[in-house]
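The basis for the numbers below is simple: all heavy atoms, side chains too, and nothing from hydrogens, waters or symmetry mates. Just so you know, these numbers come straight off a predicted model, no measurement behind them.
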Number of protein chains: 2
Amino acid sequence: MSKRFDEVIPVPRESTKGQRADSGGRRARIRGVPRATIEDVAREAEVAPSTVSLAFNEPERVRPDTRERVLAAARKLRYRPSAIARRLVTRRADMLAVVVPDTRNPFFGKVFQGIDTEARRAGLDVMLFTTENDPGLERQRLEAAVRNRADGIILVGEHRQGPDPAAELLAEMVATGVQVVLVERQVERLPSVWGRKREGCRKAVEHLIGLGHRKIAFVGGLLAQGGSYQRLAGYREAMEAHGLQVRPEWVAEGGFHPAGGREATARLLALDPGLTAFVAANDLMALGVLRALREAGRRVPEDASVVGFDDIPEAAFVVPSLTTVDMPMERLGRRAMELMVRGLEGEVLDGVDEGLPTELRVRESTGPAPGDTVAGAMGGQ
Amino acid sequence: MSKRFDEVIPVPRESTKGQRADSGGRRARIRGVPRATIEDVAREAEVAPSTVSLAFNEPERVRPDTRERVLAAARKLRYRPSAIARRLVTRRADMLAVVVPDTRNPFFGKVFQGIDTEARRAGLDVMLFTTENDPGLERQRLEAAVRNRADGIILVGEHRQGPDPAAELLAEMVATGVQVVLVERQVERLPSVWGRKREGCRKAVEHLIGLGHRKIAFVGGLLAQGGSYQRLAGYREAMEAHGLQVRPEWVAEGGFHPAGGREATARLLALDPGLTAFVAANDLMALGVLRALREAGRRVPEDASVVGFDDIPEAAFVVPSLTTVDMPMERLGRRAMELMVRGLEGEVLDGVDEGLPTELRVRESTGPAPGDTVAGAMGGQ
DNA sequence: AGGAGTTGTCGAAACGTTTCGATGAGGTGA
DNA sequence: TCACCTCATCGAAACGTTTCGACAACTCCT
């Protein structure tokens with residue numbers, strides 16, 4: 001019966017000019033004792049397969065002694081029901097796909113942790129895909145999610161400006177009943193959870209202004225990687241609200257990592273050595289800012305102030321500890337997952353668009369502007 | 001036909017004292033136009049379903065015009081083959097499970113990135129499970145992997161001392177043909193990839209000894225979370241090789257995060273204020289060490305030296321930048337995945353046990369021991 | 001013109017579950 | 001004792017693919 005698989009015919013397949021990326025050449029599957037199936041258990045327990053199924057899924061519907069017999073047989077044969085077969089017939093995967101740009105960034109790691117915690121509680125398994133910030137890859141990964149017939153998909157992370165390249169595909173998925181939830185991303189009509197970055201950044205800038213700073217730079221992320229428009233907008237708002245002009249040479253962009261922050265800051269300082277404060281798009285970049293300042297011979301916070309974004313665990317521990325805007329990362333993940341579960345239960349999530357609050361955490365990296373003795377009185381939101 | 005799913009009977013299920021964790025209550029599946037199946041495509045293209053299958057999987061075996069017709073039909077109907085059904089019949093999932101302790105730790109994030117990169121290239125999808133360092137949870141997650149009939153499983157991260165709690169389950173998986181690859185973990189006979197932590201730690205300590213330090217502390221991870229035995233062993237080796245006594249009060253443990261490092265260091269300083277150097281089990285902890293030292297009024301590197309472990313991206317950017325041991329995290333992931341692919345192709349990986357080299361990166365956080373003017377001449381491996 | 005290969009397509013069985021309607025054994029009330 | 005109901009179990013169909021052997025239509029040779 002399983003004869004066919006004992007010796008795999010390695011299919012000629014010589015002309016491997018096949019450009020079908022998802023075919024992925026056949027592999028051998030040689031060794032391995034076959035797994036027990038529901039039929040094996042049924043035979044062992046002397047009942048019908050359907051009874052075995054009942055014993056597992058609706059135990060109250062089978063007589064206690066039968067159930068015990070079935071369970072014993074299952075244990076004896078080390079039976080583990082095949083989620084594959086079950087999926088096929090129930091048309092439910094009990095599985096979702098999570099798509100993130102990059103697992104190296106602690107931000108996504110924490111969001112994922114939140115997702116995973118809730119998923120576990122809901123009994124859902126999770127496939128994880130990374131996109132490397134590449135829209136083409138992102139598309140492929142979304143396709144993979146639908147191939148796998150995931151019940152739902154959580155898409156994390158901003159995209160470059162302009163119409164969302166995934167919008168059409170997402171719409172198709174929704175049409176076929178896949179539940180979609182967005183994190184830190186917005187697409188018309190799709191449920192979304194995000195941190196109030198604009199507000200957070202405004203608070204950060206107002207904090208700096210309150211400390212007497214006037215020449216405040218914004219160190220943003222790469223436009224191609226989602227930029228940091230909301231944060232930039234918050235920066236602008238706060239500056240303008242206080243009658244401060246935003247000079248183009250006060251805004252720089254760099255990769256969302258320490259090196260990016262450092263290089264951007266070096267450029268900024270070259271353009272205007274008079275800058276006294278820096279707002280970075282995330283904490284990793286802020287570390288780069290700190291380093292660039294040190295290399296320029298500026299002390300923090302005496303000569304210059306720095307604010308980060310996210311409040312990663314490291315932020316409180318670097319020296320000087322980082323004033324930063326707390327993004328509720330794990331909560332974003334948990335909340336997204338809660339919505340997902342509600343959506344899967346049939347609730348319509350059409351208008352849902354939740355901005356979770358952000359909080360300014362003042363630490364050592366910000367202080368009064370140099371030469372300014374009247375620190376104070378302007379902060380607050 | 002799909003009538004059955006239009007209105008889901010919410011199954012009484014009142015006696016939910018069922019301890020079967022994996023049953024996860026039924027959910028509604030209401031909306032959603034049905035997906036096109038291979039039969040729909042066959043009908044549209046006026047061929048048999050088996051021909052559609054051929055057209056996709058062995059295109060050279062169907063006539064070009066037929067193939068074109070099939071592809072056109074598929075495109076028109078937005079057909080996406082069901083990976084589920086395919087899995088059932090081929091008995092291959094083209095999918096693996098990756099099990100990590102915690103995605104918040106950048107270490108695992110980078111390892112995963114390596115895994116994912118290679119997996120994509122091999123056309124494999126990946127399920128990710130986290131264990132929170134809990135052996136019970138780990139077991140559950142492994143069970144989930146076999147339920148899902150993953151082709152292989154990559155298990156990342158150390159376990160507490162003593163016999164590996166997962167060994168038995170892993171052996172069963174191997175017996176049924178699941179390919180297992182371990183990262184930073186060793187179980188008899190299972191292929192494993194790891195960084196040479198002992199050697200790395202020895203280099204770190206020798207570097208410190210070379211700088212004149214004699215009272216060197218080891219700030220290790222929590223025993224319950226895998227401890228850091230290899231690193232501790234390297235520390236011991238180096239100390240003893242240089243005739244330095246290892247005092248019990250020079251070794252402390254804490255959680256693998258900044259706070260853990262800080263608290264452990266505070267304890268160490270209380271026990272022996274004479275310590276001049278600290279080796280931490282990872283960079284996150286090292287940040288905590290730095291902070292604890294600062295809080296104790298010690299300057300780094302003038303009064304005390306600190307070495308971290310891993311070389312996370314932040315390490316080069318904090319102030320002072322961290323001397324640390326580079327763990328080839330992404331490479332660990334990539335290598336594990338390469339082994340996995342070879343294993344899936346039928347190669348026997350029985351004796352494989354690869355220790356990838358680690359490298360000491362000397363930066364600003366280490367310097368000559370206070371009061372020692374003869375820095376030098378003893379470093380090296 | 002007839003037989004032997006070759007090529008392209010097809011039908012049916014199989015993969016391992018769940019679910020629905022059917023069946024039969026006991027229990028109950030008249 | 002008979003009709004009726006309930007309860008536990010069963011058999012068969014279905015889920016959406018792949019694969020194997022069968023088969024017809026061509027091509028090629030003699």
> Take the protein atom CG of Leu88(B) and the nucleotide atom C1' of dA14(C), then report the distance between them rounded to whole Å.
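Distance, rounded to whole Å: 9 Å.
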
> Counting N and O atoms only, with roles assigned by atom type, does the side chain of Arg69(B) sit under 3.5 Å from a partner on the main chain of Ala45(B), one being a donor and the other an acceptor?
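It does hold such a pair.
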
> Check the distance between dG16(D)'s C1' and Arg35(B)'s CZ and give it to me in whole angstrom.
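Those two atoms, CZ and C1', are 13 Å apart.
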
> Let me know the distance between CG of Leu77(B) and P of dG16(D), rounded to the nearest Å.
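So the two atoms are 14 Å apart, to the nearest Å.
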
> Has Arg92(B) got a side-chain N or O lying under 4.0 Å from the OP1 or OP2 atom of dC15(C)?
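No, outside the criterion.
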
> What is the distance from CG of Asp40(A) to P of dG16(C), rounded to the nearest Å?
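Those two atoms, CG and P, are 9 Å apart.
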
> When you measure from the side chain of Asp134(A) to the backbone of Gly136(A), do you find a donor-acceptor pair of N or O atoms at a distance under 3.5 Å?
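Present.
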
> Side chain of Asn57(A): nearest nucleotide among dT17(D), dT18(C), dT17(C)?
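For the Asn57(A) side chain, the nearest candidate turns out to be dT18(C).
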
> In whole angstrom, give the distance that lies between atom CD of Glu39(A) and atom P of dA12(D).
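Spelled out: CD on Glu39(A) to P on dA12(D) is 12 Å.
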
> In this structure, how many angstroms lie between the P atom of dT17(C) and the CG atom of Asn148(B), rounded?
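Checked: the CG to P distance equals 13 Å.
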
> In plain terms, say whether Arg147(B) and Asp94(A) are close enough for a salt bridge, that is, a side-chain N and a carboxylate O under 4.0 Å apart.
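No.
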
> Under 6.0 Å between ring centres: does that hold for Phe112(A) and Phe112(B)?
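Ring centres of Phe112(B) and Phe112(A) not closer than 6.0 Å.
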
> Could you list the protein-to-nucleotides 7-11 of chain D atom pairs, N/O on both sides, closer than 3.5 Å?
residue	atom	partner	partner atom	Å
dT9(D)	OP1	Thr66(A)	OG1	2.3
dT9(D)	OP2	Arg63(A)	N	3.0
dC10(D)	OP2	Ala48(A)	N	2.7
dC10(D)	OP2	Thr51(A)	OG1	2.6
dG11(D)	N7	Ser50(A)	OG	3.4
dG11(D)	O6	Ser50(A)	OG	3.3

> Does dC15(D) have its OP1 or OP2 closer than 4.0 Å to a side-chain nitrogen or oxygen of Arg149(A)?
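So the side chain of Arg149(A) is outside the cut-off, no N or O lying under 4.0 Å from OP1 or OP2 of dC15(D).
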
> Given Ile153(B), which of Met173(B), Arg141(B), Gln179(B) fulfils the side chain to side chain contact (heavy atoms under 4.5 Å, CB included) condition?
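Testing each of Met173(B), Arg141(B), Gln179(B) against Ile153(B), the sole residue satisfying side chain to side chain contact (heavy atoms under 4.5 Å, CB included) is Met173(B).
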
> Please list each protein N or O that sits under 3.5 Å from an N or O in nucleotides 23-28 of chain C, with the distance.
none

> Is atom CD of Glu46(A) surrounded by more than 12 heavy atoms (other residues, nucleotides or ligands) closer than 6.0 Å?
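No, because the 6.0 Å sphere around CD of Glu46(A) holds 12 heavy atoms or fewer from other groups.
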
> Could you state the CD1-C1' distance from Ile84(A) to dA14(C), rounded to the nearest angstrom?
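Going from Ile84(A) (CD1) to dA14(C) (C1'), I get 16 Å.
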
> Hey, which of Met340(B), Arg335(B), Met337(B) is the one that makes side chain to side chain contact (heavy atoms under 4.5 Å, CB included) with Glu118(B)?
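By the side chain to side chain contact (heavy atoms under 4.5 Å, CB included) criterion, Glu118(B) pairs with just one of Met340(B), Arg335(B), Met337(B): Met337(B).
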
> Is atom CZ of Arg80(A) surrounded by more than 12 heavy atoms (other residues, nucleotides or ligands) closer than 6.0 Å?
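It does: Arg80(A) CZ has more than 12 such atoms within range.
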
> List for me each residue that meets side chain to side chain donor-acceptor pair (under 3.5 Å) alongside Arg67(B), sequence neighbours excluded, and say none if there are none.
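With sequence neighbours excluded, Arg67(B) shows a side chain to side chain donor-acceptor pair (under 3.5 Å) to no residue whatsoever.
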
> Using a cut-off of strictly less than 4.0 Å, decide whether Arg86(B) has a side-chain nitrogen or oxygen near OP1 or OP2 of dT18(D).
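Answer yes for this pair, as a side-chain N or O of Arg86(B) is under 4.0 Å from OP1 or OP2.
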
> Report the distance from atom CZ of Arg87(B) to atom P of dT17(C), rounded to the nearest whole Å.
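The answer, rounded to whole Å, is 16 Å.
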
